[in-house]
2 protein chains.
Amino acid sequence: MAMPGHPSPEEVFERVRKKIPAISLATVYKTIHTFLDSGTFGEVSIHHGSLRVDRNNRPHHHLVCTRCKSIIDIDDADLEPVRLRKSLPGGFRVQRYAVEILGLCAKCIARSQTHPEM
Amino acid sequence: MAMPGHPSPEEVFERVRKKIPAISLATVYKTIHTFLDSGTFGEVSIHHGSLRVDRNNRPHHHLVCTRCKSIIDIDDADLEPVRLRKSLPGGFRVQRYAVEILGLCAKCIARSQTHPEM
DNA sequence: ATCGCTGCAAAACATTTGCAGTTTG
DNA sequence: CAAACTGCAAATGTTTTGCAGCGAT
C-alpha cells in the first residue's frame with residue numbers, strides 16, 4: 001500500500017523483498033488477488049492479460065462488463081465532450097481520450113438472478 | 001477486418017484458419033502488429049500484458065503516455081461529469097466510468113526532440 | 001486437528017524471436 | 001535478386017497451481 005504509482009506485481013515483489021527478503025513472487029500474486037477481490041484497491045485495466053483488437057476506427061468509447069469482460073462500442077457522438085476543470089500536469093500533450101463505462105451487461109444481470117452464486 | 005467485436009489474437013487465428021488452414025499463430029501476431037503500427041486499427045487497452053495495481057481508491061481518471069505507458073492520476077473532481085446524449089444499449093447497469101486521456105508525457109516529448117528516432 | 005498462509009517448482013498461458021524456406025515484385 | 005512474408009520451434013514473459021510445511025486458532 002505504501003507504493004506510489006501503479007506498480008506491476010514484479011515491482012511490488014522487488015519492493016516487498018527489501019522488508020521480507022524470503023518472500024516469493026507467487027505470494028505477491030496471491031496477496032494482490034486477495035486485495036483485488038476484497039476491493040481494497042483496483043487494477044488499472046480490466047483487460048490486461050491478452051491483447052484485444054479494436055477495428056472500429058471512428059472515435060468511440062467502451063461499455064465494459066465487469067463480470068464477463070465483454071465490450072460494447074458506443075459512438076463518441078453519443079457522449080457530451082469530456083471537459084477538464086483544471087489544466088493538466090505540466091507538459092502533457094493530449095492526443096485523444098477514451099471513456100470506459102463499467103457495469104454489468106444484460107446477460108450477466110440475467111445470469112446473476114438465476115445463478116446468484118456465479 | 002471482417003471480425004465483429006474485439007477479438008483476441010487467438011480468436012483471429014481460429015477465424016483466419018478457416019480460410020487459410022496452414023496459417024500459424026505467429027503470423028497472426030506479426031500481422032496484427034503490422035496493422036497496429038500502421039494505425040489501421042487500435043487495441044482496446046494499452047495496458048494489456050501485465051497487471052497494474054491501482055491503490056488510489058478515490059474516484060479518479062488516468063493520463064496515459066502512449067509512448068512509455070506511464071500513468072498519472074487525475075482526480076474525478078478535475079473533470080466535468082461525463083454525460084450521455086443517448087440511453088445505453090438495453091439493460092446495461094452502469095457502476096462507474098473511467099476516462100483515459102492519451103497523449104505524450106513531458107519526458108517523452110523531451111526525449112523525442114533529442115532522440116527523434118526512438 | 002484444522003485453517004490459512006507460505007515458498008518452491010512446475011504448469012499454463014501469452015507473446016516474441018531467430019531462422020530457413022517461399023513468395024512477390 | 002531483393003524485400004517481404006511465412007511456419008516452426010524455441011525463448012521470453014506473465015500468471016496460476018499443486019503441494020508440503022508451518023504457524024496460529
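What's counted below: heavy atoms across the whole structure, side chains too, no hydrogens, waters or symmetry copies. In the text below, chain A, chain B and the rest are named by the order of the sequence lines, each starting its count at 1.
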**Message:** If the threshold is 4.0 Å, N to carboxylate O, is there a salt bridge linking B/Glu43 and A/Arg52?
**Reply:**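 Between A/Arg52 and B/Glu43 there is no salt bridge, as every charged N stays at least 4.0 Å from the carboxylate O atoms.
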**Message:** Please determine whether a side-chain nitrogen of the Lys or Arg among B/Asp75 and B/Arg58 lies less than 4.0 Å from a carboxylate oxygen of the Asp or Glu.
**Reply:** yes
Atom [atom1] of [X] to atom [atom2] of [N]: distance rounded to whole Å?
X       : N      : atom1 : atom2 : value
A/Ile20 : D/dG23 : CD1   : P     : 16 Å
A/Lys19 : C/dT6  : NZ    : P     : 17 Å
A/Phe13 : C/dT6  : CZ    : C1'   : 13 Å
B/Arg52 : D/dG13 : CZ    : P     : 16 Å
B/Glu11 : C/dT15 : CD    : P     : 11 Å
A/Ile32 : D/dT15 : CD1   : P     : 9 Å
A/Ile23 : D/dC22 : CD1   : P     : 18 Å

**Message:** Going by the rule ring pair (Phe, Tyr, Trp, His ring centres under 6.0 Å), which residues pair with B/His48 if we only count those two or more places apart in sequence or in a different chain?
**Reply:**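 Listed in chain order: nothing, the list is empty.
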**Fill in**
Sorted by chain and residue number, the side chain to side chain contact (heavy atoms under 4.5 Å, CB included) partners of B/Glu11 (sequence neighbours excluded) come out as B/Met3, B/Pro7, B/Ser8
**Prompt:** Near DNA chain C, under 4.0 Å by heavy atom, which residues of residues 38-50 of chain A?
**Reply:** A/Gly49, A/Ser50
**Prompt:** Which ILVMFWY residues are connected to B/Ile109, directly or by a chain of links, through side-chain heavy atoms under 4.5 Å apart?
**Reply:** B/Leu104
**Asked** For nucleotides 16-25 of chain C, read 5' to 3', which letter fits each nucleotide if B means a protein heavy atom sits under 4.0 Å from the base, S means only the sugar-phosphate is that close, and - means neither?
**Response** BBB-------
**Prompt:** Below 4.5 Å, heavy atoms only, C-beta onward: do A/Val94 and B/Leu102 meet side chain to side chain?
**Reply:** no
**Message:** For B/His60, give me all partners under side chain to side chain donor-acceptor pair (under 3.5 Å), at least two apart in sequence or on another chain.
**Reply:**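 Only B/Asp54, B/His62 meet the side chain to side chain donor-acceptor pair (under 3.5 Å) criterion with B/His60.
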**Under 3.5 Å: donor-acceptor pair, side chain of B/Tyr97, backbone of B/Val82** =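 Yes, B/Tyr97 side chain to B/Val82 backbone: donor-acceptor pair under 3.5 Å.
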